Structures are given as structure tokens and as C-alpha cells.
Amino acid sequence: WFRGLSAELQRDILDSPSTHVPLRVHGDDVAVCKANTVLVLSVYSVLALHEEAHITCGAYPLSYLTSEGMDDIYKVLAWS
């Protein structure tokens with residue numbers, strides 16, 4: 001994961017590794033019933049050895065979710 005980063009970000013991480021936590025966000029739609037699904041967002045550590053080591057951030061009904069809502073969710077996750 002480190003090699004895929006920009007040179008500037010690599011320098012920032014090497015200069016202050018305790019302030020950077022490599023995470024990945026995973027989203028998947030889950031069927032609730034035949035007519036509706038929810039988007040489940042989870043955060044995983046890139047360094048975790050097990051897929052089970054994740055934190056569920058939320059479950060959002062896709063029938064009510066707009067692109068603006070997705071932008072808001074992304075802003076909160078990026079800020080966190």
C-alpha cells in the first residue's frame with residue numbers, strides 16, 4: 001500500500017508515522033428484503049491480518065441515498 005502513495009505522502013508518513021493510520025473503506029449492498037437493500041460501510045486496517053478486524057460505520061437504505069448523501073458520508077469519514 002505504501003508504494004502506491006505519492007512521494008509527498010510517503011515523506012509525511014516517514015517523518016511522522018504515529019499520525020498516519022492506513023485504513024480502507026469497504027462498501028457493499030446487503031439485501032434486507034426483495035424490494036430493498038442497504039449500503040453497509042466498514043473500515044478495515046490495511047495492516048490487519050484478518051478480514052474480520054473491521055468497524056462497521058453505518059448501514060444506509062439505498063432507496064433513500066442520494067449522491068449528495070454519499071458525498072456527505074465521505075466527508076465525515078475523511079474528516080474522522
Side-chain angles (χ1 to χ4, degrees):
W1 66 269
F2 186 78
R3 284 185 231 128
L5 301 175
S6 69
E8 180 182 355
L9 186 52
Q10 287 181 5
R11 280 192 302 277
D12 287 347
I13 292 171
L14 292 173
D15 290 344
S16 183
S18 64
T19 61
H20 294 78
V21 179
L23 298 175
R24 66 180 170 157
V25 177
H26 175 78
D28 201 1
D29 59 328
V30 178
V32 177
C33 63
K34 289 183 181 181
N36 203 0
T37 59
V38 294
L39 172 66
V40 178
L41 291 177
S42 300
V43 176
Y44 298 81
S45 169
V46 174
L47 305 176
L49 299 176
H50 302 286
E51 284 283 325
E52 296 82 24
H54 71 273
I55 298 171
T56 300
C57 296
Y60 309 94
L62 288 176
S63 57
Y64 297 106
L65 198 55
T66 63
S67 60
E68 292 85 11
M70 283 299 300
D71 289 341
D72 291 341
I73 291 168
Y74 175 77
K75 288 174 188 174
V76 169
L77 290 175
W79 174 82
S80 298

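Remember, predicted model here, so these are calculated numbers, not experimental data. We count residues from 1, following the sequence as given.
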In terms of heavy-atom contacts, A31 and T37 come closest through CA-CG2, 3.8 Å

Which pair of non-hydrogen atoms, one from T19 and one from S16, has the smallest distance, and what is that distance?
OG1-O, 2.8 Å

Side-chain heavy atoms nearer than 4.5 Å, only ILVMFWY residues, links allowed to pass through others: does that put Y60 and L62 together?
yes

Cluster question for you: counting only ILVMFWY and a side-chain heavy-atom cut-off of under 4.5 Å, with indirect links fine, are L65 and L41 together?
yes

Taking the side chain as every heavy atom from C-beta outward, state whether L39 and I73 have any atom pair closer than 4.5 Å.
no

Quick one: side chain to side chain contact (heavy atoms under 4.5 Å, CB included) partners of [X], sequence neighbours excluded?
X	answer
T56	V40, S42, H54
S6	E8, L9
S63	N36, P61
D72	K75

Return yes when atom CD1 of I55 has more than 12 non-hydrogen atoms of other residues, nucleotides or ligands closer than 6.0 Å, and no otherwise.
no

Sequence-distant partners of T66, side-chain hydrogen bond (donor to acceptor under 3.5 Å, both in side chains), two or more places apart:
E68

